[in-house]
Amino acid sequence: MSFVRVKDLLEMGKKNNACVLAFDAADGNMIKSVIKGAEAAGKPVMVMLYPGMRNIMPFGVFAETTKYYAERASVPVGLHLDHCSDFDMIMEAIHEGFSSVMADGSVLSFEENVAFTRKVVEVAKNFDVDVEGELGHVGTAADSDEFSRKEFFTRPDEVKEFVERTKVTSLAVSFGSAHGLYKSTPKLDIDHLKVLSAATDTPLVLHGGTGIPDDQLALAFANGINKINIGTEFFNLNTKLNQEFYAQDFTKCDPFGFPEYIQPKLTEYIAGRLELSKITL
Ligand code: 13P
């Protein structure tokens, strides 16, 4: 159990025809809750950091905190740097202890995306670091209804060439999801996913996990998605719990009050979401 490579978690997903859940986190309470929630559910999990959040927790602090709890956990835990388009920043994260990174070249042309992603993979493999690429583009739900726009979808004819030339560990694909809060209920294009999945054995990743109905997620997991990223709903719960806690009338100093209030509720949420994962340990 304990701290494992993302590659191994993805293989576990592939073997079970199932999906590993990956949560973005920003501080110690969130990291600990993800891992405690996974233990409660008896499921593997991944903890991820958005690069912009290294101002809250520097790469090294985030990596070491995750490893600390992971090494003491009864379930396998992976660590991953989410969306990063900056080569130097990816190198910094690897140097600071991240064992898996996302090289996000999804707004580049196909050739530029291949070149950027391959450059990251070539360095990362020397450090046994896994790399997730993105082909097609998973946009932002709040901006528009772009999640349903087919021109952002991953093109099946490009998948094989992309994974062969870049040698990514996993591939984020676009087939009807977007990041953030959806304006209307999304409808994943499962037929499109099936075609993408048939084009490669590389594990596929679904971004924009917040707000997709569970029945659609189950279909996606049964048809080639081996990792799902969830951020917004976890951050929103964290913010709501902060608001609730700090709305209290403080009459005495209780340094333990905040983590004692917030962690069990975050842990319960994570354990609940992990029911989606059909992986058996
Ligand atoms: P949501 O914030 O929509 O859950 O998406 C998270 C994500 O895909 C991070 O890569």
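What you see below is based on every heavy atom in this structure, not just the backbone, and it leaves out hydrogens, waters and symmetry mates. Numbering of ligands and ligand atoms starts at 1, following listing order. Throughout, numbering of the chain's residues begins at 1 and tracks the sequence.
The main-chain N or O of Ala18 is found under 3.5 Å from a side-chain atom of Asn226 such that the two form a donor-acceptor pair. Under the 3.5 Å distance criterion, the side-chain polar atoms of Lys43 are matched with a main-chain donor or acceptor of Ile279. Counting only distance, with no hydrogens or angles, the side chain of Tyr182 and the backbone of Gly208 share a donor-acceptor pair below 3.5 Å.
Here the protein heavy atom with the shortest distance to atom 4 (O) of ligand 1 is Thr210 OG1, 2.6 Å.
Residue contacts with ligand 1, taken as heavy atom pairs separated by less than 4.0 Å, involve Asp82 solely via side-chain atoms from C-beta onward. Neither the backbone nor the side chain of Val138 comes within contact range of ligand 1; no heavy atom lies under 4.0 Å. Here His83 has side-chain heavy atoms under 4.0 Å from ligand 1, and that is the only part of it that gets that close.
The closest side-chain heavy-atom distance from Met12 to Leu281 is below 4.5 Å. Using a 4.5 Å cut-off on side-chain heavy atoms (C-beta onward), Asp130 and Arg5 make contact.
Atom CD of residue Glu71 and atom CZ of residue Phe3 lie 7.5 Å apart, to the nearest 0.5 angstrom.
For atom 3 (O) of ligand 1, the nearest non-hydrogen atom from the set Ala22, Gly211, Gly180 belongs to Gly180.
Interface atoms of ligand 1 facing Ile230, defined by a heavy-atom separation under 4.0 Å, are 4 (O). Near Tyr50, with a cut-off below 4.0 Å to any heavy atom, the atoms of ligand 1 are 6 (C), 7 (C), 9 (C).
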